[in-house]
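Only one structure is covered here, and it is reproduced in the block below.
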Amino acid sequence: MPMDQSLLNTHVKLLAFDFLSLSPTADPTVFSRFGKLLSRAEIVGTITSRDFKPNKFVRFTIDDGTGCVPCILWLNHLRSPYFSRRDPASVRLIANAATEFAARIKVGVVARVRGRITSYRDEVQITVSDVVIEKDPNMEVLHWLDCLRLARKCYDVDVHKFK
């Protein structure tokens, strides 16, 4: 049965439990969940750890009550060979945004994190593209409800057909 690519470039809302159970594929930028290919994710939870290396990265974890998701926000855009062929003005914008996001990441705050699903030392993680600090205490519960609804109506549709 061919893998479903309909969610490949979408920020899929997942609970940590589901995120941490993703399976790698032959393509290191793509992961699988019940036959659906995923490359991006969104998670909401409390930041429980933070490791800051100036001009390099911020590594942190988000706990949503079902598990802890490792996240990394790169801060080396201005020196990275990966960005050397891009327009310098665009790279500066990305670097400035990353610096702003890094300042928001504090232990104990509830955050919404979106980014690419990647792997480091055989552990799935989010390479962060944006961070929003949630002020409404209901956002974590609303994210849970969204995840459950989307799993039932969208993400796991084919899985439930055969049960």
Flag yes if Ile47 and Val113 sit in one hydrophobic cluster, no otherwise; membership is Ile, Leu, Val, Met, Phe, Trp, Tyr, and two members link when side-chain heavy atoms are under 4.5 Å apart.
-> yes
Asp146: what forms a side-chain contact (heavy atoms from CB on, under 4.5 Å) with it, not counting sequence neighbours?
-> Lys13, Arg149
Take atom CZ in Phe17; do more than 12 heavy atoms of anything else shown fall under 6.0 Å from it?
-> no
Could you check if a side-chain atom of Arg59 sits within less than 4.5 angstrom of a side-chain atom of Ile72, using non-hydrogen atoms only?
-> yes
Are Val58 and Val110 linked, directly or through other ILVMFWY residues, by side chains that come within less than 4.5 angstrom of each other?
-> no
Where do Arg112 and Val44 come nearest, in terms of heavy atoms and distance?
-> NH1-CG2, 3.4 Å
Across all chains, not counting sequence neighbours, the side-chain contact (heavy atoms from CB on, under 4.5 Å) partners of Arg86 are Tyr82, Phe83, Val91, Ile94
Report the C-alpha separation of Thr118 and Thr127 in whole Å, then their side-chain angles, then the decisive distance to 0.1 Å, and conclude whether the side chain to side chain donor-acceptor pair (under 3.5 Å) test is met.
-> CA-CA 6 Å; Thr118 56; Thr127 298; 2.7 Å; yes
Gap separating the NE2 atom of His11 from the CD1 atom of Ile117, nearest 0.5 angstrom | 9.0 Å
Under the 3.5 angstrom rule, does the side chain of His143 hit a backbone N or O of Gly45 as a donor-acceptor pair?
-> no
Looking at side-chain heavy atoms only, is the closest gap between Asp18 and Arg33 below 4.5 Å?
-> yes
Distance-minimising heavy-atom pair for Ile62 and Ala111 = CD1-O, 4.1 Å
Give a yes or no on whether the backbone of Asn55 and the side-chain of Arg79 come within a donor-acceptor separation of less than 3.5 Å.
-> yes
Do Arg40 and Ser129 pass the side-chain contact (heavy atoms from CB on, under 4.5 Å) test, and can you show the C-alpha distance, the side-chain angles, and the key distance before you say yes or no?
-> CA-CA 10 Å; Arg40 290 170 170 61; Ser129 58; over 6 Å; no
Under a single-linkage definition using a 4.5 Å side-chain heavy-atom cutoff for Ile, Leu, Val, Met, Phe, Trp and Tyr, are Leu20 and Phe31 assigned to the same hydrophobic cluster?
-> yes
Taking atom CG of Asn138 and atom CD of Glu140, what is their separation to the nearest 0.5 Å?
-> 10.5 Å
Of all heavy-atom pairs linking Ala41 and Leu14, the shortest is CB-CD1, 4.5 Å
Any side-chain donor-acceptor pair under 3.5 Å between Thr29 and Ser39?
-> no
Compute whether any side-chain donor of one residue and acceptor of the other, for Thr61 and Ser49, lie under 3.5 angstrom apart.
-> yes
Would you check if Val69 and Ile126 make a side-chain contact, meaning some heavy-atom pair closer than 4.5 Å?
-> yes
Interatomic distance, CZ@Arg114 vs CD@Glu42, rounded to 0.5 Å, equals 6.0 Å
What's the spacing between Thr48 OG1 and Phe60 CZ if we round to 0.5 Å?
-> 10.0 Å
Taking Asp64 for its side chain and Ala16 for its backbone only, find out whether a donor-acceptor pair lies under 3.5 Å.
-> yes
Report yes if some heavy atom in the side chain of Leu38 is under 4.5 Å from a heavy atom in the side chain of Ser32; otherwise report no.
-> no
One should read off an interatomic distance between Arg104 CZ and Thr99 OG1, to the nearest 0.5 angstrom, of 11.5 Å
Would a 4.5 Å heavy-atom cut-off, applied to side chains only, mark Pro70 and Glu123 as touching?
-> yes
If Ile, Leu, Val, Met, Phe, Trp and Tyr residues are connected whenever their side-chain heavy atoms lie under 4.5 Å apart, and connections chain through other members, are Ile105 and Val128 in the same group?
-> yes
So if you build clusters from Ile, Leu, Val, Met, Phe, Trp, Tyr with side-chain heavy-atom gaps below 4.5 Å, do Leu150 and Leu22 land together?
-> yes
If you round to the nearest 0.5 Å, how far is CZ of Phe57 from CG of Leu73?
-> 11.0 Å
Cys68 and Asp63: CA distance, side-chain angles, deciding distance, side-chain contact (heavy atoms from CB on, under 4.5 Å) verdict | CA-CA 4 Å; Cys68 293; Asp63 184 346; 3.8 Å; yes
Taken in chain and number order and not counting sequence neighbours, the residues that satisfy side-chain contact (heavy atoms from CB on, under 4.5 Å) with Val30 are Leu8, Thr25, Asp27, Leu37
